[in-house]
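Residue numbers start at 1 and run along the sequence shown.
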Amino acid sequence: MRALTAAVFAAAVLVPSAFAQNKLITFTIDNETGTTIIAVYTGPSTDPNWGPNILSGYVYTGEALEISIDEVYGECLYDFLIEFDDGTSYEEYQVDICVLDGTEWIVQ
């Protein structure tokens with residue numbers, strides 16, 4: 001009985017740690033908007049606050065920039081706020097970054 005209890009306890013301890021592992025999601029933002037992207041803020045859709053700007057520079061029209069997000073706790077749905085140099089912005093909600101991993105996101 002003790003062996004069974006120990007095995008159940010060990011499994012209960014190991015399962016949450018498996019879900020807590022981070023995964024680096026990498027994709028390319030392709031700017032087809034006609035204006036320069038100057039900032040991209042993002043965060044899990046479950047978080048009401050925007051995270052920091054994840055761009056290391058600008059993304060000019062017709063250019064693309066690879067970005068990476070350290071996805072945590074199996075949350076794949078992220079919200080994005082994209083700011084442009086003409087003062088406008090664009091918000092996209094519940095983007096599945098796990099599906100975007102290794103692909104291109106065309107912003108038009």
Side-chain angles (χ1 to χ4, degrees):
M1 184 67 167
R2 277 190 189 180
L4 178 59
T5 303
V8 169
F9 178 77
V13 169
L14 292 176
V15 169
S17 66
F19 290 111
Q21 293 179 359
N22 297 4
K23 179 180 179 189
L24 190 63
I25 304 288
T26 302
F27 58 95
T28 302
I29 291 182
D30 187 3
N31 183 3
E32 299 297 330
T33 64
T35 189
T36 301
I37 297 174
I38 61 170
V40 176
Y41 302 93
T42 190
S45 295
T46 56
D47 188 343
N49 302 308
W50 294 110
N53 179 8
I54 60 172
L55 290 185
S56 58
Y58 295 154
V59 185
Y60 299 99
T61 298
E63 292 186 353
L65 181 69
E66 185 176 273
I67 63 168
S68 297
I69 297 174
D70 193 14
E71 175 268 323
V72 183
Y73 304 116
E75 290 193 52
C76 289
L77 297 180
Y78 276 63
D79 299 338
F80 288 84
L81 168 61
I82 301 172
E83 293 182 344
F84 302 97
D85 68 347
D86 66 358
T88 61
S89 63
Y90 170 74
E91 295 179 19
E92 181 77 26
Y93 296 96
Q94 297 193 347
V95 174
D96 189 339
I97 64 169
C98 295
V99 171
L100 277 179
D101 191 23
T103 66
E104 194 173 57
W105 182 22
I106 299 172
V107 180
Q108 298 178 326

Assess the side chains of T88 and D86: does a donor N or O sit below 3.5 Å from an acceptor N or O? yes
Side chains of T35 and D85: donor-acceptor distance under 3.5 Å anywhere? yes
Restricting to pairs with a member in residues 60-70, which pass side-chain hydrogen bond (donor to acceptor under 3.5 Å, both in side chains), not counting sequence neighbours? N22-D70, T26-S68
Between E32 and G62, the two heavy atoms sitting closest are OE2-CA, 4.1 Å
Write down the atom of N31, the atom of G34, and the distance for their closest heavy-atom approach. OD1-N, 4.4 Å
Give the C-alpha distance, both sets of side-chain angles, the deciding distance and a yes or no for side chain to side chain donor-acceptor pair (under 3.5 Å) between Q108 and T33. CA-CA 4 Å; Q108 298 178 326; T33 64; over 6 Å; no
Applying side chain to side chain donor-acceptor pair (under 3.5 Å), run through D79 and T42 and close with a yes or a no. CA-CA 6 Å; D79 299 338; T42 190; over 6 Å; no
Under the 4.5 Å side-chain heavy-atom rule for ILVMFWY, direct or indirect, which residues accompany I82? I25, F27, I29, I37, V40, I54, L55, V59, L65, I67, I69, Y78, F80, F84, Y90, V95, I97, L100, W105, V107
Given T103 and T28, is the side chain to side chain contact (heavy atoms under 4.5 Å, CB included) satisfied, shown in steps? CA-CA 6 Å; T103 66; T28 302; over 6 Å; no
Quick one, I106 with E104, criterion side chain to side chain contact (heavy atoms under 4.5 Å, CB included). Give me CA distance, side-chain angles, the key distance, then yes/no. CA-CA 6 Å; I106 299 172; E104 194 173 57; 4.1 Å; yes
Write out all pairs satisfying disulfide (SG to SG under 2.5 Å) with one or both partners inside residues 79-108, taking only residues at least two apart or from two chains. C76-C98
